[in-house]
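One structure is given here, and the rest of the page talks about it.
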Amino acid sequence: MRYIFIVVFALLCFNVKAQETSTNEVKFPVADPSPADIVYFPLNAPKAKDATKPIIKIVYSRPQRKGREIFGVLEQYGKVWRFGANENTEVRFFEKVTIGGKKIKAGVYSLFAIPNKDTWTIIVNSQTDKWGAFSYDQTKDIVRVNVPVKTLAKPIEYFSLTFTGRSDGANLIIGWDKTQVELPISF
């Protein structure tokens, strides 16, 4: 009789605990409307089946156009922009690179931009892990480079980054809405 009582008591306790767990379910955040993405140079470095190693890795969020006019309206000309959405765009150089004539040692940095109609200023900054450009600190800029704007005939829906190769490095290609810019990187 005593064993039956212990078994029944244990089953009741287990049932109460099971109900407690189901009523205290974890609430997961909803999917972000500006999904995170990663781009490498060389582009397929992480998937390579040979000894190819990445030289550059960029982690960024990809806001959508959603029919809006982006540069000059949503992202105002002449103001520092976080170069994507959500947290600062983060660039990792696996080896020393040169941008705008400035040598930059291997490490992790943030990217910002100051968009204008005909030129952008691309900024490599040492401050990382911040949200937006709200706490942007110009004193932590590593380099600023002015690059010309190319106007596209067809708008790009998502903020997009990719690389093209060059004989002495790579070009970071940035595109969104009807705007495209290139940042030359040597290594």
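Checking side-chain atoms of Glu90 against main-chain N and O of Tyr60 turns up no donor-acceptor pair under 3.5 Å. Under the 3.5 Å distance criterion, the side-chain polar atoms of Asn125 are matched with a main-chain donor or acceptor of Asp137. For Ser61 (side chain) and Gly84 (main-chain N/O), no donor-acceptor pair under 3.5 Å exists by modelled atom type. In this structure, Trp81 contributes its side chain and Phe112 its backbone to no donor-acceptor pair below 3.5 Å. Between the side chain of Asn116 and the backbone N or O of Asp118 there is no donor-acceptor pair closer than 3.5 Å. With hydrogens and angles ignored, the 3.5 Å screen pairs a side-chain donor or acceptor of Thr89 with a backbone N or O of Phe83. A donor-acceptor pair under 3.5 Å is formed between the side chain of Ser126 and the backbone N or O of Lys140. Side-chain atoms of Asn171 never come within 3.5 Å of backbone atoms of Ile173 as a donor-acceptor pair (strictly under, hydrogens ignored).
Inspection of the Asn86 and Ser34 side chains reveals no N or O donor paired with an N or O acceptor under 3.5 Å. Under 3.5 Å, the side chains of Arg62 and Ser160 contain a donor-acceptor pair of N or O atoms. Judged by distance alone, the side chains of Thr179 and Asp177 never bring a donor and an acceptor atom under 3.5 Å apart.
Between Arg68 and Val73 there is no side-chain heavy-atom pair separated by less than 4.5 Å. Side chains of Ile70 and Arg65 form a contact here, defined as non-hydrogen atoms less than 4.5 Å apart.
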Full working for side chain to side chain contact (heavy atoms under 4.5 Å, CB included) between Phe187 and Ile56
CA-CA 10 Å; Phe187 39 86; Ile56 305 170; 4.1 Å; yes
Run the numbers on Glu157 and Lys66 for side chain to side chain contact (heavy atoms under 4.5 Å, CB included), then give the verdict.
CA-CA 7 Å; Glu157 180 62 26; Lys66 296 181 183 177; 4.3 Å; yes
Verify side chain to side chain contact (heavy atoms under 4.5 Å, CB included) between Phe163 and Ile58, making sure each step is shown before the conclusion.
CA-CA 10 Å; Phe163 287 101; Ile58 299 178; 3.7 Å; yes
Begin from the C-alpha positions of Lys53 and Glu95 and carry the test side chain to side chain contact (heavy atoms under 4.5 Å, CB included) through to its verdict.
CA-CA 11 Å; Lys53 292 186 178 181; Glu95 60 185 60; over 6 Å; no
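Annotation: side chain to side chain donor-acceptor pair (under 3.5 Å) contacts of Thr128 (sequence neighbours excluded): none.
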